[in-house]
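Below: the structure, in structure tokens.
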Amino acid sequence: MKYNRRSFLKAAGLASVAFPTIIPSRVLGDTAPSKKITLGFIGVGYQGTKRNLTTFLNQSDCHVVSVCDAYMDRTEKAQKQVNEAYGNQDCKGYQDFREIINDPSIDAVVISTPDHWHVPMSIMAAMAGKHVFCEKPTLYIDEGRELADVCERQGIVFQAGIEDRSLVHYHKMVEWVRNGEIGDLERVIVGVPGGLSYPKEKPVAVPADLDWNLWQGPAAFHDFTANRTGFWQWRSIGSYCQGAILDMGTHLADTAQLGVNDPNVVPIEVSGTGEIPQDSMSNVPVSFDLLYRYSNGVEMQLKNGPKGGWDPDSCFLEFQGSKGWIRRKSWSAGIEASDRNILRTRYADGESVYWPLPPNEQRDFLDGIISGKRTTYPAIDLHDMSTMLHMGVICVELGRPLKWDPEAEVFVNDDEANRLRQGPVARDWENA
């Protein structure tokens with residue numbers, strides 16, 4: 001059965017799924033090992049270890065039992081981190097993620113890979129009956145719908161690895177907007193760091209500790225080059241990521257779309273301009289100025305700031321309403337408002353129309369497994385957010401405005417744009 005957007009959201013918000021009994025640590029205290037949620041980690045680079053692994057190791061009701069990375073030295077470092085945290089030598093280390101997917105003792109996987117692996121690995125894990133925590137975003141529009149449908153059919157808990165819905169500043173901004181503190185919302189302005197352009201590179205020998213076939217996976221084959229898997233470089237290559245619009249736009253544009261609160265969730269139109277480098281290793285938009293229109297009449301402008309990569313000062317978010325505005329001028333800035341009384345507004349229990357501030361995404365994932373309830377960021381929300389941003393990438397690539405049908409999830413009367421909703425046929429990496 002294929003759900004349309006409204007029926008899927010309704011079901012996701014109301015339905016509970018029966019899971020094996022796992023008693024939370026807040027009830028048991030120091031949770032018995034047999035009751036802990038067992039986790040396998042796939043991808044243990046910077047995000048996989050510095051944020052995800054470190055956070056999950058501090059949760060008393062889960063236990064990390066295995067780690068994996070196509071770079072074996074990363075696996076070994078993560079394995080050491082886990083063993084030191086637990087004071088033993090029990091953590092298993094793999095290079096092939098299928099060892100984790102196929103392990104029946106693992107309850108859930110944590111995926112922190114480049115974007116082209118997010119959906120394929122998540123689907124493989126879901127089909128194996130495992131709950132999934134996966135970094136954002138999707139690589140193409142259609143695969144996000146496939147992921148949402150698989151998670152719903154399999155009855156697994158999914159949580160996207162994005163923190164913004166749990167950050168108090170952005171939560172309060174959306175809460176004030178949704179509760180009418182600036183009147184009727186009219187426009188949102190979002191600024192994010194732009195992309196980076198890298199020169200082409202000549203092939204070099206594959207590092208001894210890297211399984212290059214596994215790293216590339218379903219992406220089109222390319223000879224290994226010195227910086228191709230670098231922290232920012234792979235984010236600039238369309239086979240692995242759709243660039244800054246999807247990578248950095250995920251954060252603030254998601255908060256913006258929550259504030260817009262359109263009944264269709266995603267926009268119905270996008271227009272604007274952008275630059276895709278020529279004769280470069282980078283082949284995705286590195287600069288952009290996009291205008292989205294929603295069916296409820298709200299507009300959202302998404303544009304790049306003065307710098308690329310991770311530049312906190314290029315992060316900007318402003319909600320403009322019929323009675324005032326609220327904004328945050330950078331990632332670390334405080335919130336400003338047209339009327340300071342807006343910033344003093346608090347709501348008693350049951351007064352706000354917006355959900356309470358959730359815990360961080362890692363804790364919320366574990367709570368979702370324990371309770372069977374909807375996570376802060378389920379697969380359908382990842383799909384909706386990614387769809388909006390993919391629309392912008394395709395707009396820049398084709399150089400023309402686009403209209404979107406949010407019920408059918410297709411571009412209106414545009415075969416060329418619709419072909420870009422899905423990527424090329426996946427490479428047969430398993431037999432390579």
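Below, each value reflects all heavy atoms present in this structure, side chains not excepted, and no hydrogens, waters or symmetry copies. Bear in mind that the values here come from a model prediction, so they are computed numbers and not experimental data.
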Salt bridge Asp414-Arg400, side-chain N to carboxylate O under 4.0 Å: yes

List the steps and the verdict of side-chain hydrogen bond (donor to acceptor under 3.5 Å, both in side chains) for Asp364 and Thr375. CA-CA 6 Å; Asp364 190 68; Thr375 60; 4.7 Å; no

Residues two or more places apart in sequence or in another chain: which of them pass side chain to side chain donor-acceptor pair (under 3.5 Å) with Asn102? none

Distance-only donor-acceptor check, side chains Glu318 and Gln320, under 3.5 Å: yes

Less than 4.0 Å between a side-chain N and a carboxylate O, is that true for Asp247 and Lys136? yes

Donor-acceptor contact below 3.5 Å, side chain Asp289 vs main chain Lys303: no

Value rounded to 0.5 Å, distance of CD in Gln159 from CG in Asp367: 10.0 Å

ring-ring contact (aromatic ring centres under 6.0 Å, His included) with Trp429: of Trp215, Phe97, Trp212, Phe221, only one passes, and it is Phe97

Please check this pair: side chain of Thr38 against backbone of Asp107, looking for a donor-acceptor N/O pair closer than 3.5 Å. yes

Rounded to the nearest 0.5 Å, what separation is found between the CG atom of Leu317 and the NE2 atom of His169? 12.0 Å

Residue list, side-chain contact (heavy atoms from CB on, under 4.5 Å) with Ser332, at least two apart or on another chain: Ser330

Please enumerate all residues that pass side-chain contact (heavy atoms from CB on, under 4.5 Å) together with Thr75, with sequence neighbours excluded. Val67, Asp69, Met72

So, Asn360 and Glu163: side-chain donor and acceptor under 3.5 Å apart, yes or no? no

Just how far is it from atom CD of Glu135 to atom OG1 of Thr250, taken to the nearest 0.5 Å? 10.0 Å

Quick check: does any side chain N or O of Ser66 sit under 3.5 Å from a backbone N or O of Gly40, one acting as donor and the other as acceptor? no

Just checking, Arg328 and Tyr170: is the charged tip under 6.0 Å from the six-membered ring centre and within 45° of the axis? yes

Arg427: partners by side chain to side chain donor-acceptor pair (under 3.5 Å), with sequence neighbours left out: Asn213

Side-chain donor-acceptor pair under 3.5 Å between Asn304 and Ser287, yes or no? no

Does the distance from a Lys or Arg side-chain N to an Asp or Glu carboxylate O, for Arg419 and Asp415, drop under 4.0 Å? no

Going through the checks in order, is the side chain to side chain contact (heavy atoms under 4.5 Å, CB included) test met by Ile37 and His63? CA-CA 6 Å; Ile37 301 166; His63 189 81; over 6 Å; no

Below 4.0 angstrom, N of the basic side chain to O of the carboxylate: do Glu201 and Arg228 qualify? no

Residue pairs, two or more places apart or on separate chains, that pass ring-ring contact (aromatic ring centres under 6.0 Å, His included) and touch residues 134-156: none

If the condition is side chain to side chain donor-acceptor pair (under 3.5 Å), which residues does Asp96 pass it with, not counting sequence neighbours? Arg98

Enclosure of Asn341 CG (heavy-atom neighbours >12, cutoff 6.0 Å): yes

Salt bridge (charged side-chain N to carboxylate O under 4.0 Å, His left out) with Arg165: which residues, sequence neighbours excluded? Asp254, Asp381

Going through the distances and angles, do His390 and Arg421 end up as a side chain to side chain contact (heavy atoms under 4.5 Å, CB included)? CA-CA 8 Å; His390 282 303; Arg421 293 188 352 245; over 6 Å; no

For the residue pair His116 / Gln216, report whether a side-chain donor-acceptor contact shorter than 3.5 Å exists. no

CG of Asp184 to NZ of Lys323, rounded to nearest 0.5 Å, is 8.5 Å

Within a reach of under 6.0 Å around CZ of Arg340, are more than 12 heavy atoms found that belong to other residues, nucleotides or ligands? no

Parallel, tilted or perpendicular, judged at 30° and 60°: which one describes the rings of Phe56 and Phe41? perpendicular

Does Arg178 make a cation-pi contact with Trp176 (under 6.0 Å, within 45 degrees of the axis)? no

Hey, is the main chain of Ile106 close enough, under 3.5 Å, to the side chain of Lys130 for a donor-acceptor pair? yes

For residues Asp164 and Thr255, is any side-chain donor paired with an opposing acceptor at under 3.5 Å? no

Reference residue Asp61; test side chain to side chain donor-acceptor pair (under 3.5 Å); the match among Lys36, Lys35, Arg363: Arg363

Would you sort out whether Glu181 and Ile326 count as a side chain to side chain contact (heavy atoms under 4.5 Å, CB included), showing the intermediate values? CA-CA 9 Å; Glu181 302 301 336; Ile326 53 176; over 6 Å; no

One should read off an interatomic distance between Glu409 CD and Asp142 CG, to the nearest 0.5 angstrom, of 8.0 Å

Would you mind reporting whether Gln81 and Thr49 have side-chain heavy atoms less than 4.5 Å apart? yes

dist Cys395:SG -> Leu402:CG (nearest 0.5 Å) comes out at 5.0 Å

Residue list, side-chain contact (heavy atoms from CB on, under 4.5 Å) with Glu175, at least two apart or on another chain: His171, Lys172, Asn179, Tyr347, Ser352, Tyr354

Return the set of residues passing side-chain contact (heavy atoms from CB on, under 4.5 Å) with Asp349 (not counting sequence neighbours), or none when no residue passes. none

If we ignore angles and hydrogens, is there a donor and acceptor under 3.5 Å between the side chains of Asn52 and Ser112? yes

With ring pair (Phe, Tyr, Trp, His ring centres under 6.0 Å) as the test, would you mind laying out the steps for Phe411 and Trp404 before giving the verdict? CA-CA 4 Å; Phe411 290 102; Trp404 179 254; 4.8 Å; yes

Non-hydrogen side-chain atoms of Leu291 and Met300 separated by less than 4.5 Å: no

The side chain to side chain donor-acceptor pair (under 3.5 Å) partners of Ser239 (sequence neighbours excluded) come to none

Reference residue Ile141; test side-chain contact (heavy atoms from CB on, under 4.5 Å); the match among Val410, Asn418, Ile394: Ile394

Sequence neighbours excluded and cut-off under 3.5 Å, please list the side-chain donor-acceptor pairs for residues 265-279, or say none.
from	atom 1	to	atom 2	distance (Å)
Gln278	NE2	Ile276	O	3.1
Asp279	OD1	Lys200	NZ	3.3

Between Asp115 and Thr138, is the side chain to side chain contact (heavy atoms under 4.5 Å, CB included) condition met? List the steps. CA-CA 6 Å; Asp115 300 0; Thr138 64; over 6 Å; no

Give me each pair satisfying ring-ring contact (aromatic ring centres under 6.0 Å, His included) with a member in residues 243-297, each pair once, sequence neighbours excluded. His251-Trp331

Close side-chain approach of Trp232 to Tyr198, heavy-atom, < 4.5 Å: yes

